[in-house]
S.K.: 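Just passing along the structure, written as structure tokens.
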Number of protein chains: 6
Amino acid sequence: MHIKSQFFEDYTLGDYRETLGRTITETDFVVHAGQTGDFFPHHMDAEWCKTQPFKERIAHGTLTFSVAIGMTATEINPEAFSKGYDRLRFIKPVHINDTIHVKVTISEKTESKKPELGQVIEHVEVFNQKEELVLVCDHILLAKKKG
Amino acid sequence: MHIKSQFFEDYTLGDYRETLGRTITETDFVVHAGQTGDFFPHHMDAEWCKTQPFKERIAHGTLTFSVAIGMTATEINPEAFSKGYDRLRFIKPVHINDTIHVKVTISEKTESKKPELGQVIEHVEVFNQKEELVLVCDHILLAKKKG
Amino acid sequence: MHIKSQFFEDYTLGDYRETLGRTITETDFVVHAGQTGDFFPHHMDAEWCKTQPFKERIAHGTLTFSVAIGMTATEINPEAFSKGYDRLRFIKPVHINDTIHVKVTISEKTESKKPELGQVIEHVEVFNQKEELVLVCDHILLAKKKG
Amino acid sequence: MHIKSQFFEDYTLGDYRETLGRTITETDFVVHAGQTGDFFPHHMDAEWCKTQPFKERIAHGTLTFSVAIGMTATEINPEAFSKGYDRLRFIKPVHINDTIHVKVTISEKTESKKPELGQVIEHVEVFNQKEELVLVCDHILLAKKKG
Amino acid sequence: MHIKSQFFEDYTLGDYRETLGRTITETDFVVHAGQTGDFFPHHMDAEWCKTQPFKERIAHGTLTFSVAIGMTATEINPEAFSKGYDRLRFIKPVHINDTIHVKVTISEKTESKKPELGQVIEHVEVFNQKEELVLVCDHILLAKKKG
Amino acid sequence: MHIKSQFFEDYTLGDYRETLGRTITETDFVVHAGQTGDFFPHHMDAEWCKTQPFKERIAHGTLTFSVAIGMTATEINPEAFSKGYDRLRFIKPVHINDTIHVKVTISEKTESKKPELGQVIEHVEVFNQKEELVLVCDHILLAKKKG
């Protein structure tokens, strides 16, 4: 974690960064259920899951999303702030012991409502250990312009 | 938490449900940092925050989102599944000791690519104890049709 | 979780409710040891347990009890409050990966010392995935009378 | 934590032991809600509690009970095992920042159904920092006889 | 946990105490990463570890150290305080499901800078379930003299 | 967190790096007690601490050490590994709400027993928000030589 100033002009379309991997553990499931209060059997009841088409407990969508976004949080940019996310999609289930990694690509740069800020889209892709895409979303940054 | 079948036809535009409240604690911040690995000083360094315009530690966007979505997880609908979220926006910062509650409104019903499924949008609004809107998003459900 | 008023008169002997299931994980053992400070080898030392008649780590009695009671906490009744528990018994050990569910039956209704309150007993039964009874107790509620 | 053999004959009526103190923190509330899934506003919604007669968040009964019992878990007796608890009563609410300590007194010794075992009652009293009794229960031990 | 006064003169060279065992779980790894913010793949990425000479995730040095020291925290001595540690060495990796126990030996007694205090070294050895030494360190205590 | 190869020759005496800050919370105390099993009243009993010269709960030495070392874990060097720590000293107590930051200085380079490795000492200093030194230690790295 470190600080690096990046203005709107400094973001280059097509640039990307990739994280290392992290194994999603049963502990992560239990901690996330405990934090959110979502104890749905899809995440918490191994016996019931065996009777379902997906066979195994499935990570909360918000767990995979939160961990993946956290994995990309390595560089603090004081010139930008997060506006939100678009097109968050759960493509494939994440199971206990899957190992995920994340790729973030600068996919769009547009003007914003305020002339001193530009909007940057970071396209976020989360892959499992088989390189299958499990989650995507578009992170919306508002970045100051230099001039 | 209970099971209740709801088909596409059972969702009525404008219907809404509201959760009780939950206070977001310092513990939630620390647990979320620990789960996601995001220890940015915005969330974790009370001294630095004092020197910033926002003065106090700010909840991770993924914390408010995850807790709010978890608060709505009370009814299991075996006829629908979550496709993802659109237009997730962080409207106002959430600070330690803020108490949030959530309102979910059926805001849109459309056909989906598969004729046997319809798409339902649940518009999610998260409010703090001053009834200020702090986060919004659109939850996308795919629900089976009855017939 | 929702609010529903129930007076003494509204409780009917023999009525019952059942929860969905929840798998008790190694994480639950570790979190419970951490919360209570009870690191007895029965719960925490897999090697020593292999040398004992029960072979595997056993859940703290307070873990099974707390989780089971929590699983029944779905309906807030503003007309009643909890006085305590009687006849809490640990019938069979709960091991890591056991999946428990809970049945709560209205088993007794009596007058209380205060004429405006009646005493209701909820008989709580906790079962594992083999439908073996692992824990029982009697929850004592004091509920307001209507009139 | 250490091992000390104590047979039925070794328990003396009236003997007692007392624990040191432990402050019940907001973290304990949040961790216990997360472990049990009980997010009732009595424990988790500081704003709503302000509108109630008790004014402040109240510890889950199972939290105070679990922590108190854990505080007494210092001596492993291979000659006895826990059968359960009787007369568990919540006498006064425990709030965030209350500091509890526990007194355990040998209050009863009786024969059990099995002639080789005797039943010992440990009367457990939990006090707050004002020396107010907040919780009591009777722990039922079955202890081997010497001869 | 109990209080026992021990002055410098009360420590005898060669005296030792041994703890019971504790299994280091995946949960411990995840909780420690979450507490420290160290999500290095050596501890958190099971897939990457398979490609390394050590094959399996390795406990953080600070995890093994912290748990081991915690396991020895059974007796509070109001006449002594901890100055620090010397010669902390990570001898062998600790993996998930290893069970550790700790031996503490009084290995050295010397004068300190202050005449009213003496310095005591507790040599700490941490073993796994195969009785292999995995970590050592020297705990430095400053203890009051009797007279 | 990223990977950067650094050989023995690449370490320069006097070079240093500094971390951002992190506030040590009550949650950190409770989580650390729960992980280590050390519930000594110095860390956990606010009432008792008021009667002591230090007045307030004090962080476990292993908590400050673990968090501080974790804060420096930003760069993975595949050419070096950790041998251990020397001269770990607890200089001043750390209390709840103190904010710490860490400075790591290359303070020593020496030959090791194995000719292909050199020993590097990272001197670690932990400061609170008043820039008071609270903990120091020497991290011992063994780094491969280039040639």
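Every heavy atom of this structure was used, including side-chain atoms; hydrogens, water molecules and symmetry mates were not. Chain A is the first sequence line, chain B the second, and so forth, proteins listed ahead of strands; every chain is numbered from 1. In this text the structure is predicted, and so the values were computed from the model without any measurement.
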S.K.: If you count heavy-atom pairs under 4.5 Å with chain F, which of B:Phe39, B:Trp48, B:Phe29 comes out on top?
M.R.: B:Phe39
S.K.: Kindly indicate whether the side chain of B:Glu26, heavy atoms from C-beta on, has any atom under 4.5 Å from the side chain of F:Asn97.
M.R.: yes
S.K.: For B:Thr27 and F:Thr27, indicate whether the former's side chain and the latter's backbone hold a donor-acceptor pair under 3.5 Å.
M.R.: no
S.K.: Going from CE on B:Met44 to CG on F:Leu20, what distance comes out if it is rounded to the nearest 0.5 angstrom?
M.R.: 12.0 Å
S.K.: Under the salt bridge (Lys or Arg N to Asp or Glu O under 4.0 Å) rule, collect the residues that match up with B:Asp10, sequence neighbours excluded.
M.R.: B:Lys146
S.K.: For B:Lys92, look at atom NZ and say whether over 12 heavy atoms of other residues, nucleotides or ligands are found less than 6.0 Å away.
M.R.: no
S.K.: Could you list the donor-acceptor pairs under 3.5 angstrom formed between side-chain atoms of residues 120-128 of chain F and any protein atom two or more places apart in sequence or on another chain?
M.R.:
| from | atom 1 | to | atom 2 | distance (Å) |
| --- | --- | --- | --- | --- |
| F:Glu122 | OE1 | F:His139 | ND1 | 3.1 |
| F:Glu122 | OE2 | F:Arg17 | NH2 | 3.4 |
| F:His123 | ND1 | F:Asp138 | OD1 | 2.7 |
| F:Asn128 | OD1 | F:Lys130 | N | 2.9 |
| F:Asn128 | OD1 | F:Glu131 | N | 3.3 |
| F:Asn128 | OD1 | F:Glu132 | N | 3.0 |
| F:Asn128 | ND2 | F:Glu132 | OE1 | 2.8 |

S.K.: Please report the interatomic distance CG(F:Asp98) to CD(B:Glu47), rounded to the nearest 0.5 Å.
M.R.: 8.5 Å
S.K.: Heavy-atom count around F:Lys55 NZ within 6.0 Å, excluding the residue itself: above 12?
M.R.: yes
S.K.: Assess whether atom OH of F:Tyr16 is packed by more than 12 heavy atoms of other residues, nucleotides or ligands within 6.0 Å.
M.R.: no
S.K.: For chain B, which residues of residues 56-90 of chain F have at least one non-hydrogen atom nearer than 4.5 Å to it?
M.R.: none
S.K.: Quick one: salt bridge (Lys or Arg N to Asp or Glu O under 4.0 Å) partners of F:Asp28, sequence neighbours excluded?
M.R.: F:Arg22
S.K.: Any idea which heavy atoms bring F:Thr23 and B:Ala46 closest together, and the distance?
M.R.: OG1-N, 2.7 Å
